Amino acid sequence: MKPVYLLFLALLPIAASAADDAGHDIMQKVNARPDGEQVRRDFTISTTDRRGVTRVEKTIAYRKYFGADKRTVMFYTEPTNVRGTGFLTFDYSAPTADDDQWLYLPALRKIRRISSSNRGDSFLGTDLSYEEIKKENKVEISDYRFTLLEETTCLERPGLLVEAIPVSDRIAEELGYSKVHYCIDPAIWMARHVEFWDIAGNHLKTISIDEVQEIDGVWTSVDLQVVNHKTQHRTRLQQDNIDYSVEIDDQVFTQPYLRRGLR
Amino acid sequence: MKWNRPGARLVIRLLGLGTALLCSAPQGMEARFTYTGEANLAQESAADGGSHLVKFSNRLDGEFAAEAGAGWKWFARAAVSSETRDLIEPGEPDDSAVRSKLSRRLFFNDYSEFELRELFVDGYLNDVFVRAGKQQVVWGQADGFRVLDVVNPMNLREFILEDSEDRRIPTWMLNLEVPVGQWMAQFLWIPDTTYDQVPSLQDKARFAPTSPLFVPYPAAPGPVRVSPADKPRQFFGDSDAGARINGFIGGWDLSLNYFYHYLDRPAPYQTPSGEVFVIAPAYERSHLLGGTLSTVYGDLTLRGELAAHSERYFITRNATTDNQGILSSAAVESVLGLDYNGFSDTFISAQVFVSRILDHDPGMTVSATQSTTSLLVERVYLNQTVTLGGQWFQSLNDSDGLLRLSVDYRWRSHIIFSAGLDAFYSDDLGLFGQFDGRDGISFGVSIDL
């Protein structure tokens, strides 16, 4: 073997390592993007099945940081048959700590403590997982190994394409993905277009953030669409009445408030 | 089967009433209406001929919310319902026997009724949440049976087949919730003297209990007379009161509960009066001390609930003039539940209910220990538009049980179709076996108007 090839082979791991570091750094910047100490907003969730039938649900949601930990509560307001359904999450910053989650079911008038191990499951019938709803356009860094693949365009804007591979089979099973491609807009450090592959390696779904607004100094996804390529099911998640300056009482993130619901 | 005229007329009236209320709702007031229609195909009891019957029922639920000023809000919920066969509560039930004046229903005729389900005002006094009025308060975490779900009485007109929301009878009470550090304390004062509504065998109600566990029988066949229950009526003196403190500590949801109350079912005291066997029910007081816990281990959620009663009243076969056929004892009820979320889109929940009479007498018709298990399996399909469910209750004492299957299809955002099967098994006169032959299939639709 010629010495020049030997040199190339010797440099390959260094180049791969540099790409890994760059990918990791980019996702760290995505996670460091300010998202407000607290926020109150309304969500409109539209799901469309393969026959074109669209079902619409509306929610009110609150989120607040308690130190590095994050608490989120969401209440369904429409339609009447799900009104009052509430979902409370304590998202702990420590990677080893499991989140705590509670679901309030108005038909039973009872709070059901739910396991957070189902983070890859569909969130209440949408094409987003519990994990994606919780992370809000951010990523659990410890779940993946990241690699910067190339400079590209995301929804017609300059972007960085980062590949994420789950760090273990167990994590891949939990999340339901074998590979994720994040197209990051470096101007605002937000993933604008994300492609997912399932455990078997099949193209699973695409998330695209069609509209972003700067509200109270926070870049916010106000219109997000998901297409599931296996089921042809679609989800559209729109946000409005977004307020990052509102004072939110700590009691909002408690079970009694979850039970009282919208009152 | 013909749709009878009262039922058809009522549906038209309900839809008209709903439309009128929607149009007349004042500004700032929210009004929501839901229509529920159901067709039941059920087996009649052998005593009624053993044939099949079809029943249609219609119901309109209305919810109203309005600002009361200073951050306080009014809320009201009412239901108008009708059915084409008068089998569940035959005739016009005598609500005065078990309900306070303000908690009674309004019957239009034998087939239709109106009930104010909730009416309250709530808001905050500094940190204290106050809710005053007719309402439901749910304690405990068990599904299916009450262990700590004792604050509101129940209407058992369809045993446990109705949704728990409809089974509970809302009562007038003052409900305060006070934050205490990381805990929340709740205080209840319930002057409403309303108790369980249990269908009567004398009225030939479809789900009237017949088991000797609950109904006393004379030693020798003969005439039986049931006197009206001696129902508490004093506003203050006969009030119930309760307190609960709950919190989330170290990954555990914990609560401690206390309730001083009249037991929701009267003790059926018996007096042989000449040749007539007289049953004279009377309501009795009891203290309840209990608690709940739940936590998560990976895919598993562990739930537990305990209720200790200072007094419970049981029928004895050894009736004497002194005990009047009733013996009392302290008793403990518990439930241990395990929920499993390890399969995608699937929820599995198993529960074991155990109750223990602490001072058991061999003459009691109830065993010292009563155990019932339940298993619930729910699976959702097509992005949660279709839900298949199965629930199985099994008494470990009497080998009887209940199997329930259901399917819901969310056809549109506002329209849900449903179908269900309820099957009791074993002809033992146990909790479930007493209703053997009361199996049924139902088809329904729920429309948010």
Side-chain angles (χ1 to χ4, degrees), chain A residues 45-50 53-58 77-84 88 90 97-103 105-118 120-127 129 173 176 228 231 233-235 249-251 254-257 259-260 262-263, chain B residues 32-34 61 63 65 73 75 122-123 127 129 131 136-138 140-143 149 163-165 168 177 179 182 184 186 246-248 251 253 294-303 339-345 347 349 380 382-385 410-416 446-449:
Chain A
I45 304 167
S46 310
T47 56
T48 305
D49 65 22
R50 67 166 68 203
V53 175
T54 298
R55 299 169 179 86
V56 180
E57 293 170 342
K58 294 189 174 181
T77 57
E78 289 182 32
T80 304
N81 55 52
V82 293
R83 183 177 168 80
L88 172 65
F90 288 3
D98 286 337
D99 298 342
D100 288 306
Q101 296 179 337
W102 297 264
L103 184 66
L105 300 166
L108 299 175
R109 295 205 184 219
K110 287 183 180 174
I111 292 173
R112 187 177 274 176
R113 180 84 178 267
I114 54 176
S115 162
S116 59
S117 64
N118 61 353
D121 280 4
S122 158
F123 178 79
L124 300 179
T126 68
D127 294 290
S129 67
E173 283 287 338
N228 186 311
T231 62
H233 193 270
R234 293 166 179 267
T235 298
D249 194 298
D250 291 356
Q251 289 292 329
T254 59
Q255 291 182 54
Y257 196 91
R259 195 179 290 110
R260 280 174 222 152
L262 303 162
R263 304 192 64 74
Chain B
R32 297 166 187 278
F33 297 92
T34 303
D61 283 277
E63 280 187 14
K73 290 179 181 173
F75 180 81
D122 63 14
D127 282 350
F129 176 75
R131 180 171 287 176
Q136 293 190 31
V137 170
V138 180
Q141 305 186 349
D143 294 329
D149 189 1
D163 292 342
S164 55
E165 170 77 8
R168 277 185 221 104
E177 293 186 7
Q182 295 295 307
M184 181 68 76
Q186 181 183 45
N246 69 297
F248 177 63
D253 291 304
S294 70
T295 193
V296 168
Y297 297 103
D299 293 327
L300 291 170
T301 303
L302 173 71
R303 297 180 282 114
D339 302 336
Y340 182 69
N341 288 286
F343 303 124
S344 282
D345 299 326
F347 176 71
S349 175
V380 293
L382 302 174
N383 288 78
Q384 300 195 11
T385 53
R410 195 163 176 220
W411 183 57
R412 294 291 187 272
S413 303
H414 300 82
I415 302 174
I416 297 173
S446 168
I447 305 169
D448 296 340
L449 302 174

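Quantities reported herein were computed from a predicted structural model and do not represent experimental measurements. Chain identifiers are assigned alphabetically (A, B, ...) following the order of the sequence lines, protein sequences preceding nucleic acid strands; residue numbering begins at 1 within each chain.
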*Any side-chain heavy atom of His414(B) sitting closer than 4.5 Å to one from Thr80(A)?*
no
*asked:* Please classify the contact between Arg303(B) and chain A as side chain, backbone, both or neither, with a heavy-atom cut-off of under 4.5 Å.
replied: neither
*Using only heavy-atom distances, determine whether the side chains of Asn246(B) and Gln255(A) contain a donor-acceptor pair under 3.5 Å.*
no
*Considering residues at least two apart in sequence or located in another chain, which fulfil the side chain to side chain donor-acceptor pair (under 3.5 Å) criterion with Glu165(B)?*
Arg109(A), Arg77(B)
*asked:* Quick check: closest heavy atoms across Arg32(B) and Thr77(A), and the distance to 0.1 Å?
replied: NH1-O, 3.8 Å
*Does a side-chain heavy-atom distance below 4.5 Å link Leu108(A) with Ser164(B)?*
yes
*Which atoms of Thr34(B) approach chain A - backbone, side chain, both or neither, heavy atom under 4.5 Å*: side chain
*Under 6.0 Å between the ring centres of Phe129(B) and Tyr257(A)?*
no
_Within the 4.5 Å heavy-atom criterion, are Thr254(A) and Phe248(B) side-chain neighbours or not?_
no
*asked:* Testing the basics here: between Gly298(B) and Ser117(A), what is the closest heavy-atom pair and its distance to 0.1 Å?
replied: O-OG, 3.6 Å
*Pro79(A) to Ser413(B) - nearest heavy-atom pair and separation*: CG-O, 3.2 Å
*Of the non-hydrogen atoms in Ser344(B) and Asp121(A), which two are nearest, and what is the gap between them?*
OG-OD1, 2.9 Å
*asked:* For the CG atom on Asp249(A), are there more than 12 heavy atoms of other groups (residues, nucleotides or ligands in this structure) within a distance under 6.0 Å?
replied: yes
*Atom pair CZ/OG1 of Arg113(A) and Thr301(B) - distance to nearest 0.5 Å*: 7.0 Å
*Applying side chain to side chain donor-acceptor pair (under 3.5 Å), name anything that partners Asp143(B), two or more places apart in sequence or on another chain.*
none
*Atom group of Ser446(B) that falls short of 4.5 Å from chain A, counting heavy atoms*: neither
